[in-house]
Amino acid sequence: MGEITGLPLAELTDRLAALGGPEPERERPPPSTTGEFPELPGAVPGKVVLRLAPFPSGSLHIGNARMLFVNQYYRARYDGRLLLVFDDTIGNEEKRVEPEFYDMIRADLERAGIVPDATYFKSDRIGLYYPWARRIIDRGGAYVCTCPAELLRANRASGTACPERSQSIEETGAAWQRMLDGGFAPGEAVLRLRTDLQDPDPAFRDRVLFRLSDLDHPRVGRKYRVWPLLEVAAAVDDIELGISHVIRGKDLVMEDRMERFLWELLGVQGPPFLHWGILRVREAKVSKSKSYREVKSGLYDGWSDPRTWSLLSLDRRGISMDALRTFTLSFGLSLADIEVPAETLYAENRKRIDATTPRRAFVPDPVHVAVEGYPADLATVELPNHPDLPAMGSRSVTAGPEFFLPRKDVERNRGAEVRLKDLVNVRLPASLPVGDDVVPVTFTTRENRRLPRLQWVGAADAVPVDLLGIEGDHTTGWGERSLAAAPPRQIFQFERVGFVRVEASWAPGQTPVRVVFGHP
RNA sequence: GCUCCCGUAGUCUAGUCCGGUCAAGGAUCCGUGGCCUUCGACCACGAAACGUGGGUUCAAAUCCCGCCGGGAGCACCA
């Protein structure tokens with residue numbers, strides 16, 4: 001026996017086989033395409049209830065996608081329910097609830113393929129939170145503090161109790177009633193939780209539960225002056241709405257502790273929490289407040305401006321929500337904070353659209369050229385809509401002898417022979433004339449040789465195109481004639497440029513064909 | 001500073017709970033070649049990783065300890 005245990009595994013296997021034993025399983029598990037999604041603790045299929053709690057202060061963006069798709073994923077996995085709970089408590093001056101965002105967020109959800117099983121508004125539930133405040137007070141768990149915010153913070157940092165911390169339950173009850181009755185102005189009093197002023201995490205010491213605000217709320221106006229903070233509202237709703245699992249970003253971990261603390265104080269059992277780490281898309285410097293400002297100021301082209309990286313803007317760019325879902329789920333529920341290049345998302349989208357997207361020619365920043373010796377029989381040519389898929393058909397394109405070529409390529413290849421893609425070879429002049437003069441180039445051969453390839457548009461029949469870039473920039477140029485009839489939302493690949501989506505058709509003499517850049 | 005979290009290729013990720021089939025899999029990026037009329041796609045090939053030091057063990061990406069590095073939170077916002 002001792003002799004066997006010392007043998008390497010491979011040899012053991014061989015000996016086993018020689019003895020006629022069964023071959024051990026050697027199959028690898030299938031390669032995973034998504035990240036790791038653990039079982040939800042204690043989850044029972046059909047009984048899982050999850051919630052999405054967006055704050056209606058802007059459109060949903062790429063950074064919110066994880067919240068959407070992870071919850072959607074678990075709902076499907078456990079055949080559960082997903083509630084939309086608008087986290088529309090009052091906010092503050094910088095972070096305000098605004099009416100248009102309710103519908104905008106619902107539209108975002110719909111776009112992402114998420115149909116909530118029910119929708120709630122915290123602003124409808126404010127009255128529900130007050131009895132809970134009473135219960136907390138009655139257990140001696142809170143006190144009304146009238147310290148100015150700054151002093152409150154300083155005391156918290158140093159672990160110093162303010163005089164009101166020692167008030168009796170009766171005193172707190174009376175002060176709370178005074179808050180409700182309007183006996184304090186906003187900022188004059190808050191209801192604070194009694195935790196432990198020596199708690200190792202300073203952030204956790206005697207946090208504020210309820211505060212006063214007289215801001216006008218878009219749904220309930222000034223009906224309430226006493227507003228709950230996120231932690232209390234969530235602690236109450238997670239119980240009352242029967243949430244079975246809370247899955248959210250790890251920026252909210254301390255709120256877990258708050259909710260658990262409250263539940264323990266009140267002797268109720270709440271759901272477990274799961275988190276994911278911070279996800280950043282390198283190119284997307286997402287800031288809801290900046291987007292808000294620039295949309296309001298008119299600098300951005302509304303919430304569909306590419307710079308917002310909103311779901312709406314991604315759709316506008318031709319990036320499918322399915323690609324976004326796969327992209328988002330590929331990170332699993334890892335707690336690590338990560339930064340991912342947008343290219344990964346683009347690659348995912350390309351997989352979905354490349355095979356079905358027609359090709360078209362577009363020449364940005366054009367130079368007008370005239371080809372000397374251009375073959376007369378090539379005035380028009382037939383080009384395939386997709387190089388690899390003959391089934392996608394072809395279109396007839398007006399060609400030379402006059403063309404538009406990309407200035408950048410013409411300059412880079414001065415004096416050299418180049419290939420007009422799918423057409424002929426020409427020699428470019430050694431130097432370009434100044435101004436907008438037509439540049440003479442020389443036909444060389446039809447023979448397809450290994451030369452730099454340039455996309456081209458026949459000058460005789462070109463259509464003006466305006467391309468909106470992802471930085472909000474505009475590139476103008478010429479496109480081939482067939483673009484004129486392109487319907488809005490059609491996706492094309494502009495050869496050697498990238499994937500674009502049509503915004504508006506051509507109105508001759510008025511507006512160019514407007515397209516939005518999607519990705520390379 | 002305090003609290004919590006995280007370290008697998010350039011970037012993500014699987015594997016870590018339950019040590020051996022991991023001389024580490026997938027995606028993306030990069031390079032080369034092919035298809036030879038896209039700088040796209042596709043095909044083939046290639047380059048590329050267990051933060052670090054110690055310990056336990058026949059055996060460590062996996063268990064234990066130290067160190068180093070990165071991130072988040074520390075609002076009368078959400």
Side-chain angles (χ1 to χ4, degrees), chain A residues 5-10 13 24-36 38 53-57 87-97 145 147-149 152-153 156-157 186-192 199-205 207-213 227 229-231 233-234 249-255 257 275 277-279 282 288 326-327 330-332 334-341 343-348 350-351 354-355 357 359 361 383 386-389 409 419-423 425 448-455 493-499 520:
Chain A
T5 48
L7 289 172
L9 186 73
T13 308
E25 282 292 319
R26 277 194 176 271
E27 257 175 68
R28 257 183 186 284
S32 60
T33 51
T34 68
E36 168 81 349
F55 181 66
S57 70
D87 206 348
D88 60 340
T89 52
I90 196 68
N92 57 24
E93 280 81 358
E94 302 92 71
K95 222 168 172 177
R96 303 188 72 137
V97 180
C145 175
C147 297
L152 189 156
R153 267 196 297 272
R156 176 148 55 208
E188 279 184 0
V190 293
L191 186 70
R192 288 178 77 181
D199 191 281
D201 183 356
F204 194 68
R205 297 171 188 163
R207 288 180 69 85
V208 174
L209 259 20
F210 286 82
R211 51 159 180 155
L212 295 161
S213 171
W227 291 87
L229 269 76
L230 178 143
E231 298 93 323
K250 81 171 188 187
D251 48 321
L252 260 17
V253 282
M254 192 184 49
E255 284 68 16
R257 232 190 123 192
H275 299 94
I278 312 296
L279 165 66
R282 201 185 323 262
K288 223 174 180 177
T326 303
F327 169 75
S330 74
F331 309 118
S334 149
L335 254 347
D337 300 316
I338 56 175
E339 184 176 274
V340 187
E343 178 54 40
T344 311
L345 171 62
Y346 299 158
E348 201 58 57
R350 235 181 259 125
K351 282 178 196 162
D354 184 74
T357 301
R359 273 51 176 169
L383 294 178
H386 194 292
D388 312 319
L389 266 68
D409 289 314
R419 174 99 182 149
L420 302 190
K421 188 174 175 298
D422 301 312
L423 199 62
N425 300 345
N448 180 22
R449 283 189 272 123
R450 280 201 102 88
L451 295 169
R453 295 190 176 96
L454 274 56
Q455 74 269 37
Q493 189 201 56
F494 280 177
E495 289 182 316
R496 301 187 66 235
V497 175
F499 292 91

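Side chains are part of it too, since the values below use all heavy atoms of this structure and drop only hydrogens, waters and symmetry mates.
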Nearest heavy atoms of [X] and [Y], plus distance in Å:
X: F499(A); Y: Q493(A); result: CZ-NE2, 3.6 Å
X: R156(A); Y: R192(A); result: NH1-NH2, 4.2 Å
X: A203(A); Y: M254(A); result: CB-SD, 3.4 Å
X: C145(A); Y: L152(A); result: SG-CD1, 4.2 Å

Measure from [atom1] on [X] to [atom2] on [N] and round the result to the nearest Å.
X: L389(A); N: U38(B); atom1: CG; atom2: C1'; result: 15 Å
X: L335(A); N: C5(B); atom1: CG; atom2: P; result: 9 Å
X: D422(A); N: C36(B); atom1: CG; atom2: P; result: 14 Å
X: R419(A); N: C36(B); atom1: CZ; atom2: C1'; result: 11 Å
X: E93(A); N: A78(B); atom1: CD; atom2: P; result: 12 Å
X: E495(A); N: U38(B); atom1: CD; atom2: P; result: 8 Å
X: F331(A); N: C6(B); atom1: CZ; atom2: P; result: 19 Å
X: F499(A); N: U38(B); atom1: CZ; atom2: P; result: 14 Å

Original post:
If you check every side-chain atom of A149(A), which of C76(B), A78(B), U37(B) has the closest atom?
Top reply: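 Given the options C76(B), A78(B), U37(B), the side chain of A149(A) is closest to C76(B).
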**OP:** Please determine, for the side chain of N92(A), which listed nucleotide (A78(B), U3(B), A75(B)) has the closest atom?
**Re:**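 Side chain of N92(A) sits closest to A75(B).
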What is the nucleic acid contact for [X], judged by heavy atoms within less than 4.0 Å: base, sugar-phosphate only, or nothing?
X: P56(A); answer: nothing
X: D388(A); answer: base
X: P520(A); answer: nothing
X: I338(A); answer: sugar-phosphate
X: G187(A); answer: base
X: D409(A); answer: base
X: S213(A); answer: nothing

Could you list the residues that satisfy salt bridge (Lys or Arg N to Asp or Glu O under 4.0 Å) with [X], not counting sequence neighbours?
X: D409(A); answer: R412(A), R496(A)
X: D199(A); answer: R257(A)
X: D354(A); answer: R359(A)
X: R282(A); answer: E339(A)

Check nucleotides 69-73 of chain B for protein N or O atoms closer than 3.5 Å to its own N or O atoms and list the pairs.
{"residue": "G71(B)", "atom": "O2'", "partner": "D337(A)", "partner atom": "OD2", "Å": "2.1"}
{"residue": "A72(B)", "atom": "OP1", "partner": "R280(A)", "partner atom": "NH2", "Å": "2.7"}

Got a list of protein N/O to nucleotides 27-35 of chain B N/O distances below 3.5 Å?
{"residue": "C29(B)", "atom": "OP1", "partner": "E343(A)", "partner atom": "OE2", "Å": "2.8"}

Please enumerate all protein N or O atoms sitting under 3.5 Å from an N or O of nucleotides 15-17 of chain B, with distances to 0.1 Å.
{"residue": "G15(B)", "atom": "OP1", "partner": "E36(A)", "partner atom": "OE1", "Å": "2.7"}

Got a sec, which residues hit side chain to side chain contact (heavy atoms under 4.5 Å, CB included) with [X], two or more places apart in sequence or on another chain?
X: L229(A); result: V208(A), R211(A), E231(A)
X: P186(A); result: L212(A), D214(A), R225(A)
X: F55(A); result: S57(A), K95(A), V97(A)

Could you measure between the two [atom1] atoms, the one in [N] and the one in [M], and give it in whole Å?
N: A61(B); M: U52(B); atom1: C1'; value: 14 Å
N: G73(B); M: C12(B); atom1: C1'; value: 24 Å
N: C22(B); M: U16(B); atom1: C1'; value: 12 Å
N: C58(B); M: C6(B); atom1: P; value: 31 Å
N: A78(B); M: G40(B); atom1: C1'; value: 42 Å

**OP:** Drop me the distance from L191(A)'s CG to R207(A)'s CZ, to the nearest 0.5 angstrom.
**Re:**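 L191(A) CG to R207(A) CZ: 14.0 Å, rounded to 0.5 Å.
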Subject >> Qualifying residues under ring-ring contact (aromatic ring centres under 6.0 Å, His included), relative to F204(A), sequence neighbours excluded >> reply: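 F261(A).
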Looking only at side-chain N and O atoms, does [X] come under 4.0 Å of OP1 or OP2 in [N]?
X: T89(A); N: A78(B); answer: yes
X: R156(A); N: C76(B); answer: yes
X: R359(A); N: G40(B); answer: no

Subject >> Given RNA chain B, 5'-ward residue of the pair K421(A) and D87(A), judged by closest heavy atom >> reply: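 The residue closer to the strand's 5' end, by nearest nucleotide, is K421(A).
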Original post:
Considering heavy-atom distances to RNA chain B, does D199(A) or A336(A) have its closest nucleotide positioned more toward the 5' end?
Top reply: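 Nearest-nucleotide comparison on RNA chain B picks D199(A).
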**OP:** Please answer whether the main-chain N or O of H275(A) pairs with a side-chain N or O of K250(A) as donor and acceptor at a distance below 3.5 Å.
**Re:**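 No, K250(A) side chain to H275(A) backbone: no donor-acceptor pair under 3.5 Å.
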Subject >> Main-chain N/O of D422(A) paired to R453(A) side chain as donor or acceptor, under 3.5 Å >> reply: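 Looks like no, no N/O pair under 3.5 Å.
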Subject >> For RNA chain B, stems built from three or more consecutive Watson-Crick or G-U wobble pairs below 3.5 Å >> reply: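 Stem list for RNA chain B: B:1-7 with B:68-74, B:10-13 with B:25-28, B:30-34 with B:42-46, B:51-55 with B:63-67.
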Subject >> Sub-4.5 Å side-chain heavy-atom contact between T326(A) and K351(A) >> reply: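 When only atoms from C-beta onward are counted, K351(A) and T326(A) do not touch, as no gap falls below 4.5 Å.
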Original post:
For the base of U38(B), is there a side-chain donor-acceptor partner from R453(A) under 3.5 Å away?
Top reply: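 There is none.
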